[in-house]
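Take a look at the structure set out below.
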Number of protein chains: 2
Amino acid sequence: MGQEKILDFVLDNLKKVFFPEEWIRLDLSVSKTELLAMLIVDRYGEVIMSQISDYLNAPLSTTTGLVNRLVKNGYLQRERSEEDRRIVTIQLTDKGKTMMRELKATIESYLERFNALLSAEERQLLFKIIMKIVNELSRKDPDAENHEKQDHFLRKIPIE
Amino acid sequence: MGQEKILDFVLDNLKKVFFPEEWIRLDLSVSKTELLAMLIVDRYGEVIMSQISDYLNAPLSTTTGLVNRLVKNGYLQRERSEEDRRIVTIQLTDKGKTMMRELKATIESYLERFNALLSAEERQLLFKIIMKIVNELSRKDPDAENHEKQDHFLRKIPIE
DNA sequence: CAAAATACTTCGCATAAGGTACTATTCGTC
DNA sequence: GACGAATAGTACCTTATGCGAAGTATTTTG
(Lines give C-alpha, C1' and ligand atoms only; values in the text may rest on other atoms or scores of the structure.)
Protein backbone atom coordinates (compact mmCIF):
# COMPACT_ATOMS: atom_id res chain seq x y z
CA MET A 1 0.00 0.00 0.00
CA GLY A 2 1.51 3.28 -1.15
CA GLN A 3 1.69 6.51 0.77
CA GLU A 4 -1.26 7.99 -1.09
CA LYS A 5 -3.49 5.04 -0.41
CA ILE A 6 -2.63 5.25 3.24
CA LEU A 7 -3.63 8.90 3.19
CA ASP A 8 -6.95 7.94 1.61
CA PHE A 9 -7.38 5.25 4.20
CA VAL A 10 -6.81 7.75 6.97
CA LEU A 11 -9.17 10.29 5.43
CA ASP A 12 -11.87 7.68 4.99
CA ASN A 13 -11.52 6.73 8.63
CA LEU A 14 -11.12 10.19 10.09
CA LYS A 15 -14.62 10.01 11.48
CA LYS A 16 -13.63 6.97 13.53
CA VAL A 17 -10.62 8.85 14.78
CA PHE A 18 -12.64 11.93 15.68
CA PHE A 19 -15.57 10.07 17.20
CA PRO A 20 -14.15 6.91 18.72
CA GLU A 21 -17.10 6.68 21.09
CA GLU A 22 -19.23 5.63 18.15
CA TRP A 23 -17.33 2.48 17.31
CA ILE A 24 -16.01 1.67 20.75
CA ARG A 25 -19.26 0.28 22.03
CA LEU A 26 -19.33 1.82 25.48
CA ASP A 27 -23.02 2.64 25.66
CA LEU A 28 -22.41 5.30 28.21
CA SER A 29 -24.96 7.15 30.25
CA VAL A 30 -22.46 9.96 30.67
CA SER A 31 -20.60 12.09 28.16
CA LYS A 32 -16.98 11.55 27.19
CA THR A 33 -15.81 14.42 29.33
CA GLU A 34 -17.87 13.26 32.27
CA LEU A 35 -16.38 9.81 31.90
CA LEU A 36 -12.86 11.24 31.96
CA ALA A 37 -13.69 13.14 35.12
CA MET A 38 -14.95 9.96 36.74
CA LEU A 39 -11.88 8.14 35.52
CA ILE A 40 -9.54 10.48 37.29
CA VAL A 41 -11.60 10.27 40.46
CA ASP A 42 -11.50 6.49 40.23
CA ARG A 43 -7.75 6.41 39.75
CA TYR A 44 -6.99 8.59 42.74
CA GLY A 45 -9.85 7.59 45.00
CA GLU A 46 -10.43 11.19 45.96
CA VAL A 47 -9.56 14.35 44.08
CA ILE A 48 -10.21 18.06 44.35
CA MET A 49 -11.91 20.22 41.75
CA SER A 50 -8.64 21.69 40.49
CA GLN A 51 -7.24 18.25 39.78
CA ILE A 52 -10.17 17.45 37.57
CA SER A 53 -9.75 20.81 35.84
CA ASP A 54 -6.07 20.15 35.28
CA TYR A 55 -6.69 16.72 33.93
CA LEU A 56 -9.36 17.95 31.54
CA ASN A 57 -7.44 21.13 30.69
CA ALA A 58 -10.61 23.01 31.45
CA PRO A 59 -11.32 26.03 33.64
CA LEU A 60 -12.87 25.47 37.04
CA SER A 61 -16.11 27.01 35.88
CA THR A 62 -16.49 24.19 33.39
CA THR A 63 -15.58 21.60 35.99
CA THR A 64 -18.15 22.95 38.41
CA GLY A 65 -20.90 22.40 35.85
CA LEU A 66 -19.56 18.97 34.95
CA VAL A 67 -19.38 17.82 38.55
CA ASN A 68 -22.81 19.32 39.24
CA ARG A 69 -24.26 17.05 36.58
CA LEU A 70 -22.44 13.99 37.85
CA VAL A 71 -23.51 14.67 41.40
CA LYS A 72 -27.09 15.27 40.32
CA ASN A 73 -27.08 11.98 38.45
CA GLY A 74 -25.62 10.13 41.40
CA TYR A 75 -22.14 9.24 40.13
CA LEU A 76 -20.05 11.56 42.28
CA GLN A 77 -20.25 13.12 45.68
CA ARG A 78 -18.83 16.41 46.90
CA GLU A 79 -17.39 17.05 50.30
CA ARG A 80 -15.95 20.21 51.80
CA SER A 81 -12.47 19.56 53.17
CA GLU A 82 -12.06 20.20 56.89
CA GLU A 83 -8.33 20.97 56.78
CA ASP A 84 -8.69 23.62 54.09
CA ARG A 85 -12.22 24.83 53.82
CA ARG A 86 -11.69 26.31 50.37
CA ILE A 87 -11.22 22.83 49.01
CA VAL A 88 -13.95 20.55 47.78
CA THR A 89 -13.12 16.86 47.51
CA ILE A 90 -14.82 14.58 45.04
CA GLN A 91 -15.42 10.85 45.35
CA LEU A 92 -17.28 8.21 43.41
CA THR A 93 -20.59 7.05 44.80
CA ASP A 94 -21.42 3.35 44.72
CA LYS A 95 -23.23 3.96 41.47
CA GLY A 96 -20.11 5.65 40.12
CA LYS A 97 -17.90 2.79 41.26
CA THR A 98 -20.16 0.29 39.57
CA MET A 99 -20.00 2.22 36.34
CA MET A 100 -16.21 2.34 36.44
CA ARG A 101 -16.04 -1.39 37.10
CA GLU A 102 -18.20 -1.96 34.06
CA LEU A 103 -16.08 0.37 31.98
CA LYS A 104 -12.95 -1.55 32.89
CA ALA A 105 -14.62 -4.86 32.15
CA THR A 106 -15.64 -3.58 28.71
CA ILE A 107 -12.17 -2.37 27.91
CA GLU A 108 -10.69 -5.66 29.07
CA SER A 109 -13.01 -7.60 26.84
CA TYR A 110 -11.83 -5.44 23.92
CA LEU A 111 -8.22 -6.12 24.84
CA GLU A 112 -8.90 -9.83 24.95
CA ARG A 113 -10.59 -9.72 21.59
CA PHE A 114 -7.56 -8.00 20.09
CA ASN A 115 -5.14 -10.27 21.84
CA ALA A 116 -6.87 -13.29 20.39
CA LEU A 117 -6.24 -11.96 16.91
CA LEU A 118 -2.51 -11.62 17.33
CA SER A 119 0.35 -14.01 17.74
CA ALA A 120 2.82 -13.51 20.56
CA GLU A 121 5.32 -11.91 18.20
CA GLU A 122 2.71 -9.64 16.71
CA ARG A 123 1.60 -8.58 20.14
CA GLN A 124 5.12 -7.76 21.15
CA LEU A 125 5.91 -5.86 18.01
CA LEU A 126 2.65 -3.95 18.18
CA PHE A 127 3.50 -2.91 21.68
CA LYS A 128 6.93 -1.78 20.57
CA ILE A 129 5.47 0.22 17.72
CA ILE A 130 2.83 1.86 19.88
CA MET A 131 5.51 2.93 22.33
CA LYS A 132 7.61 4.38 19.53
CA ILE A 133 4.68 6.35 18.23
CA VAL A 134 3.55 7.52 21.64
CA ASN A 135 7.06 8.70 22.38
CA GLU A 136 7.34 10.46 19.06
CA LEU A 137 4.03 12.21 19.59
CA SER A 138 4.81 13.37 23.09
CA ARG A 139 8.31 14.44 22.08
CA LYS A 140 7.04 17.35 20.00
CA ASP A 141 4.25 18.23 22.36
CA PRO A 142 4.76 21.78 23.62
CA ASP A 143 2.37 21.09 26.52
CA ALA A 144 4.88 18.64 27.92
CA GLU A 145 7.06 21.36 29.42
CA ASN A 146 4.32 23.80 30.38
CA HIS A 147 2.51 21.09 32.18
CA GLU A 148 5.31 19.87 34.36
CA LYS A 149 5.89 23.14 36.14
CA GLN A 150 2.86 23.36 38.37
CA ASP A 151 0.94 20.16 38.46
CA HIS A 152 -1.61 19.26 41.01
CA PHE A 153 -0.63 15.67 40.39
CA LEU A 154 -0.11 13.71 37.14
CA ARG A 155 1.24 10.32 37.81
CA LYS A 156 3.35 8.61 35.22
CA ILE A 157 2.76 4.93 34.98
CA PRO A 158 6.06 3.26 34.15
CA ILE A 159 5.59 0.93 31.22
CA GLU A 160 7.42 -2.39 31.04
CA MET B 1 3.54 -6.20 30.11
CA GLY B 2 0.66 -8.05 31.73
CA GLN B 3 -2.99 -7.70 30.93
CA GLU B 4 -3.60 -5.49 33.94
CA LYS B 5 -0.81 -3.12 33.11
CA ILE B 6 -2.18 -2.82 29.61
CA LEU B 7 -5.55 -1.92 31.08
CA ASP B 8 -3.92 0.76 33.19
CA PHE B 9 -2.08 2.02 30.16
CA VAL B 10 -5.34 2.26 28.23
CA LEU B 11 -7.10 3.99 31.10
CA ASP B 12 -4.27 6.47 31.46
CA ASN B 13 -4.48 7.27 27.79
CA LEU B 14 -8.23 7.26 27.39
CA LYS B 15 -8.20 11.00 27.10
CA LYS B 16 -6.00 10.77 24.03
CA VAL B 17 -8.40 8.24 22.56
CA PHE B 18 -11.43 10.38 23.31
CA PHE B 19 -9.94 13.68 22.22
CA PRO B 20 -7.47 12.91 19.46
CA GLU B 21 -7.81 16.45 18.13
CA GLU B 22 -5.77 17.62 21.10
CA TRP B 23 -2.64 15.67 20.31
CA ILE B 24 -3.06 15.59 16.57
CA ARG B 25 -1.98 19.14 16.03
CA LEU B 26 -4.50 20.23 13.47
CA ASP B 27 -5.07 23.79 14.62
CA LEU B 28 -8.43 23.95 12.98
CA SER B 29 -10.55 26.97 12.42
CA VAL B 30 -13.57 24.71 12.12
CA SER B 31 -15.05 22.15 14.49
CA LYS B 32 -14.52 18.42 14.15
CA THR B 33 -17.96 17.90 12.69
CA GLU B 34 -17.52 20.77 10.29
CA LEU B 35 -14.25 19.27 9.17
CA LEU B 36 -15.88 15.93 8.52
CA ALA B 37 -18.55 17.64 6.45
CA MET B 38 -15.87 19.37 4.41
CA LEU B 39 -14.02 16.11 4.09
CA ILE B 40 -16.95 14.38 2.50
CA VAL B 41 -17.50 17.31 0.15
CA ASP B 42 -13.84 17.19 -0.79
CA ARG B 43 -13.92 13.47 -1.46
CA TYR B 44 -16.92 13.61 -3.76
CA GLY B 45 -16.35 17.03 -5.27
CA GLU B 46 -20.03 17.82 -4.95
CA VAL B 47 -22.58 16.37 -2.56
CA ILE B 48 -26.15 17.03 -1.51
CA MET B 49 -27.33 17.87 1.98
CA SER B 50 -28.66 14.37 2.61
CA GLN B 51 -25.29 12.84 1.85
CA ILE B 52 -23.65 14.97 4.49
CA SER B 53 -26.41 14.03 6.93
CA ASP B 54 -25.92 10.35 6.18
CA TYR B 55 -22.20 10.58 6.59
CA LEU B 56 -22.50 12.39 9.90
CA ASN B 57 -25.44 10.27 11.05
CA ALA B 58 -27.20 13.50 11.82
CA PRO B 59 -30.65 14.79 10.88
CA LEU B 60 -30.95 17.31 8.09
CA SER B 61 -31.83 20.05 10.54
CA THR B 62 -28.39 19.66 12.07
CA THR B 63 -26.73 19.61 8.69
CA THR B 64 -28.50 22.79 7.63
CA GLY B 65 -27.02 24.66 10.57
CA LEU B 66 -23.60 23.15 10.00
CA VAL B 67 -23.53 24.06 6.33
CA ASN B 68 -24.88 27.53 7.12
CA ARG B 69 -21.85 28.16 9.29
CA LEU B 70 -19.43 26.81 6.72
CA VAL B 71 -21.02 28.90 3.99
CA LYS B 72 -20.99 31.98 6.18
CA ASN B 73 -17.32 31.44 6.94
CA GLY B 74 -16.52 30.94 3.28
CA TYR B 75 -15.56 27.26 3.17
CA LEU B 76 -18.56 25.88 1.30
CA GLN B 77 -21.00 27.09 -1.30
CA ARG B 78 -24.60 26.05 -1.83
CA GLU B 79 -26.28 25.68 -5.17
CA ARG B 80 -29.83 24.77 -6.03
CA SER B 81 -29.89 21.85 -8.47
CA GLU B 82 -31.57 22.58 -11.79
CA GLU B 83 -32.63 19.00 -12.54
CA ASP B 84 -34.39 18.56 -9.20
CA ARG B 85 -35.11 21.85 -7.60
CA ARG B 86 -35.60 20.32 -4.15
CA ILE B 87 -31.94 19.40 -4.06
CA VAL B 88 -29.18 21.62 -2.80
CA THR B 89 -25.66 20.78 -3.89
CA ILE B 90 -22.64 21.69 -1.84
CA GLN B 91 -19.13 22.40 -3.04
CA LEU B 92 -15.92 23.63 -1.53
CA THR B 93 -14.95 27.22 -2.17
CA ASP B 94 -11.34 28.04 -2.94
CA LYS B 95 -10.84 28.77 0.73
CA GLY B 96 -12.33 25.36 1.55
CA LYS B 97 -10.10 23.63 -0.99
CA THR B 98 -7.06 25.32 0.46
CA MET B 99 -7.96 24.16 3.92
CA MET B 100 -8.43 20.58 2.77
CA ARG B 101 -5.08 20.66 0.99
CA GLU B 102 -3.47 21.81 4.20
CA LEU B 103 -5.24 19.13 6.19
CA LYS B 104 -3.93 16.45 3.86
CA ALA B 105 -0.45 17.87 4.00
CA THR B 106 -0.55 17.78 7.79
CA ILE B 107 -1.74 14.20 7.87
CA GLU B 108 0.91 13.22 5.36
CA SER B 109 3.61 14.76 7.46
CA TYR B 110 2.37 12.72 10.41
CA LEU B 111 2.44 9.58 8.32
CA GLU B 112 5.98 10.34 7.26
CA ARG B 113 7.04 10.92 10.82
CA PHE B 114 5.63 7.55 11.82
CA ASN B 115 7.08 5.83 8.82
CA ALA B 116 10.50 7.11 9.68
CA LEU B 117 10.26 5.39 13.03
CA LEU B 118 9.58 1.97 11.61
CA SER B 119 11.53 -0.53 9.61
CA ALA B 120 10.03 -2.01 6.48
CA GLU B 121 9.08 -5.19 8.30
CA GLU B 122 7.55 -3.27 11.18
CA ARG B 123 5.57 -1.16 8.77
CA GLN B 124 4.25 -4.21 7.03
CA LEU B 125 3.35 -6.02 10.21
CA LEU B 126 1.71 -2.93 11.65
CA PHE B 127 -0.41 -2.66 8.57
CA LYS B 128 -1.41 -6.30 8.89
CA ILE B 129 -2.31 -5.82 12.53
CA ILE B 130 -4.34 -2.69 11.88
CA MET B 131 -6.29 -4.50 9.21
CA LYS B 132 -6.98 -7.38 11.54
CA ILE B 133 -8.23 -5.05 14.20
CA VAL B 134 -10.28 -2.93 11.83
CA ASN B 135 -11.91 -6.08 10.46
CA GLU B 136 -12.61 -7.41 13.91
CA LEU B 137 -14.17 -4.13 14.95
CA SER B 138 -16.36 -3.79 11.90
CA ARG B 139 -17.37 -7.46 12.06
CA LYS B 140 -19.47 -6.95 15.16
CA ASP B 141 -20.75 -3.58 14.11
CA PRO B 142 -24.56 -3.71 13.85
CA ASP B 143 -24.55 -0.56 11.72
CA ALA B 144 -22.80 -2.47 8.98
CA GLU B 145 -26.00 -4.11 7.77
CA ASN B 146 -28.42 -1.30 8.51
CA HIS B 147 -26.29 1.10 6.60
CA GLU B 148 -26.04 -0.81 3.39
CA LYS B 149 -29.75 -0.88 2.69
CA GLN B 150 -30.44 2.70 1.67
CA ASP B 151 -27.31 4.69 1.21
CA HIS B 152 -27.01 7.90 -0.63
CA PHE B 153 -23.46 6.87 -1.37
CA LEU B 154 -20.67 5.36 0.79
CA ARG B 155 -17.74 4.28 -1.22
CA LYS B 156 -15.52 1.53 0.02
CA ILE B 157 -11.88 2.08 -0.67
CA PRO B 158 -10.31 -1.27 -1.42
CA ILE B 159 -7.16 -1.67 0.60
CA GLU B 160 -4.15 -3.43 -0.88
C1' DC C 1 -54.36 15.84 -10.78
C1' DA C 2 -54.45 15.00 -5.91
C1' DA C 3 -52.04 12.72 -2.30
C1' DA C 4 -47.73 11.03 -0.79
C1' DA C 5 -42.96 11.28 -0.68
C1' DT C 6 -38.64 13.75 -0.84
C1' DA C 7 -35.29 17.42 0.18
C1' DC C 8 -34.57 20.91 2.81
C1' DT C 9 -35.21 25.01 6.06
C1' DT C 10 -37.00 27.45 10.13
C1' DC C 11 -37.84 27.77 14.80
C1' DG C 12 -37.48 26.80 19.44
C1' DC C 13 -35.39 24.27 23.01
C1' DA C 14 -31.71 21.73 25.56
C1' DT C 15 -27.07 20.92 26.80
C1' DA C 16 -22.11 21.73 27.12
C1' DA C 17 -18.28 24.73 27.54
C1' DG C 18 -16.06 28.71 28.92
C1' DG C 19 -15.28 33.79 30.37
C1' DT C 20 -16.01 37.13 34.05
C1' DA C 21 -17.23 38.47 38.32
C1' DC C 22 -17.95 37.13 43.00
C1' DT C 23 -17.41 34.58 47.73
C1' DA C 24 -14.90 32.16 51.11
C1' DT C 25 -10.75 30.79 52.98
C1' DT C 26 -5.77 30.61 53.68
C1' DC C 27 -1.06 32.45 53.18
C1' DG C 28 2.57 35.85 53.65
C1' DT C 29 4.69 39.56 55.75
C1' DC C 30 5.21 43.35 58.34
C1' DG D 1 -2.46 39.36 64.59
C1' DA D 2 -4.08 42.28 60.78
C1' DC D 3 -4.39 43.19 56.08
C1' DG D 4 -3.49 42.53 51.24
C1' DA D 5 -2.51 38.80 47.95
C1' DA D 6 -3.23 34.30 46.49
C1' DT D 7 -6.01 30.12 46.16
C1' DA D 8 -10.28 27.25 45.50
C1' DG D 9 -14.65 27.24 43.99
C1' DT D 10 -19.25 28.86 42.49
C1' DA D 11 -22.75 31.81 40.04
C1' DC D 12 -24.19 33.91 36.14
C1' DC D 13 -24.28 34.82 31.40
C1' DT D 14 -23.11 34.01 26.54
C1' DT D 15 -22.13 31.18 22.70
C1' DA D 16 -21.96 26.97 19.93
C1' DT D 17 -23.90 22.72 18.76
C1' DG D 18 -27.43 19.41 18.00
C1' DC D 19 -31.96 17.94 17.42
C1' DG D 20 -37.24 17.48 17.18
C1' DA D 21 -41.40 19.34 15.14
C1' DA D 22 -43.54 21.87 11.92
C1' DG D 23 -43.39 24.22 7.52
C1' DT D 24 -42.14 25.01 2.32
C1' DA D 25 -41.15 23.71 -2.21
C1' DT D 26 -40.76 20.30 -5.52
C1' DT D 27 -41.25 15.77 -7.52
C1' DT D 28 -43.29 11.25 -7.78
C1' DT D 29 -47.00 8.08 -7.88
C1' DG D 30 -51.36 6.04 -8.40
Side-chain angles (χ1 to χ4, degrees), chain A residues 15 18-19 21-22 28-38 40-41 44 46-73 75-91 149-153, chain B residues 15 18-19 21-22 28-41 44 46-91 149-153:
Chain A
K15 194 185 163 196
F18 277 173
F19 296 101
E21 69 274 21
E22 286 175 15
L28 298 169
S29 32
V30 299
S31 77
K32 275 190 295 184
T33 317
E34 286 164 358
L35 186 76
L36 287 181
M38 290 179 64
I40 204 72
V41 180
Y44 287 85
E46 176 173 288
V47 297
I48 69 177
M49 294 295 289
S50 308
Q51 289 178 322
I52 300 181
S53 280
D54 281 0
Y55 178 63
L56 299 176
N57 281 120
L60 270 167
S61 59
T62 300
T63 305
T64 296
L66 192 78
V67 170
N68 279 347
R69 281 196 301 275
L70 288 169
V71 168
K72 197 177 69 185
N73 294 322
Y75 296 106
L76 294 182
Q77 60 195 42
R78 271 197 176 89
E79 229 164 274
R80 183 66 64 171
S81 162
E82 285 310 320
E83 302 91 71
D84 184 338
R85 298 199 35 74
R86 292 171 301 180
I87 288 179
V88 170
T89 61
I90 312 289
Q91 296 136 286
K149 53 185 180 191
Q150 200 223 0
D151 264 330
H152 274 105
F153 57 152
Chain B
K15 194 184 162 196
F18 278 173
F19 297 101
E21 69 275 22
E22 287 175 14
L28 298 168
S29 33
V30 298
S31 76
K32 274 191 297 183
T33 317
E34 285 164 358
L35 186 76
L36 287 181
M38 289 178 66
L39 188 69
I40 204 70
V41 180
Y44 288 85
E46 176 173 289
V47 297
I48 69 178
M49 294 294 289
S50 309
Q51 290 178 322
I52 300 180
S53 280
D54 282 358
Y55 178 63
L56 299 176
N57 282 118
L60 269 166
S61 60
T62 301
T63 305
T64 296
L66 191 79
V67 170
N68 279 347
R69 284 196 300 275
L70 288 169
V71 168
K72 196 176 73 189
N73 294 323
Y75 295 107
L76 295 182
Q77 59 195 42
R78 272 197 174 89
E79 230 165 89
R80 184 64 67 171
S81 162
E82 285 309 321
E83 303 92 69
D84 183 339
R85 298 197 35 74
R86 291 169 305 181
I87 289 178
V88 171
T89 61
I90 312 290
Q91 295 136 288
K149 52 185 181 190
Q150 200 222 358
D151 265 329
H152 276 102
F153 58 149

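Below, read A as the first sequence line, B as the second, and so on, with proteins coming before strands; counting in each chain starts at 1. Source: prediction; values computed, not measured.
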Just the rounded figure in Å: distance from P of C:dC8 to CG of B:N68. 13 Å
Touch check for B:T33, heavy atoms < 4.0 angstrom, all strands: base, sugar-phosphate only, or nothing? sugar-phosphate
Grab the NZ-P distance between A:K32 and D:dG18 for me, whole Å please. 11 Å
Hey, is the main chain of B:F19 close enough, under 3.5 Å, to the side chain of B:E22 for a donor-acceptor pair? no
Rounded to the nearest 0.5 Å, the CD1 atom of B:I52 sits from the CG atom of B:L76 at a distance of 6.5 Å
Report yes if at least one side-chain N or O of A:T62 is closer than 4.0 Å to OP1 or OP2 of C:dG18; otherwise report no. yes
Please state how far atom CD1 in B:I48 lies from atom C1' in D:dT26, giving the value in whole angstrom units. 14 Å
With the side chain of B:R85 defined as its heavy atoms from C-beta on, choose the nearest nucleotide among C:dT25, D:dT26, D:dG9. D:dT26
Please determine whether a side-chain nitrogen or oxygen atom of B:T64 lies at a distance below 4.0 Å from atom OP1 or OP2 of C:dC8. no
Take the protein atom CD of B:E21 and the nucleotide atom C1' of C:dA17, then report the distance between them rounded to whole Å. 14 Å
Over all strands shown, is A:L60 touching base, sugar-phosphate only, or nothing at heavy-atom distances under 4.0 angstrom? base
Does any N or O in the side chain of A:K72 come within less than 3.5 Å of the main-chain N or O of A:V67, such that one atom is a donor and the other an acceptor? no
On DNA chain C, does the nearest nucleotide to A:E82 precede the nearest nucleotide to A:A58 from the 5' side, or the other way round? Give the residue. A:A58
Please determine, for the side chain of B:V88, which listed nucleotide (C:dT9, C:dA16, C:dA17) has the closest atom? C:dT9
Side-chain donor or acceptor of A:R80 paired with backbone N/O of A:R85 under 3.5 Å: yes
Select base, sugar-phosphate, or nothing to describe what B:S31 touches, counting heavy atoms under 4.0 Å on all strands. sugar-phosphate
Of the candidate nucleotides D:dA8, C:dA7, D:dG9, which contains the atom at the shortest distance from the side chain of A:R86? D:dA8
How long is the line joining CD of A:E83 and C1' of D:dA8, in whole Å? 14 Å
C:dC8 phosphate, OP1 or OP2, under 4.0 Å from B:S50 side-chain N/O: yes
Strictly by modelled atom types, are A:S53 and A:T63 linked by a side-chain donor-acceptor pair under 3.5 Å? yes
Please report the distance, rounded to the nearest Å, between CZ in A:R80 and C1' in C:dT25. 9 Å
side-chain N/O B:R69 vs D:dT17 OP1/OP2, d < 4.0 Å: yes
Closest approach of B:I40 to B:V47 (non-hydrogen atoms, all atoms of both residues): O-CG1, 3.8 Å
Can you tell me the distance, in whole Å, between the CD1 atom of B:I52 and the P atom of D:dT17? 15 Å
Mark yes or no for a side-chain to base donor-acceptor pair under 3.5 Å between B:S61 and D:dG20, with no hydrogen or angle criteria applied. yes
Among the nucleotides C:dA16, D:dT10, D:dG18, whichever has the atom closest to the side chain of A:E34 is C:dA16
In whole angstrom, give the distance that lies between atom CG of A:D84 and atom P of C:dC27. 6 Å
Classify the nucleic acid contact of B:R78 as base, sugar-phosphate or nothing, counting any heavy atom under 4.0 Å across all strands shown. sugar-phosphate
Toward the 5' end of DNA chain D, by each residue's nearest nucleotide, A:T63 or A:F19: A:T63
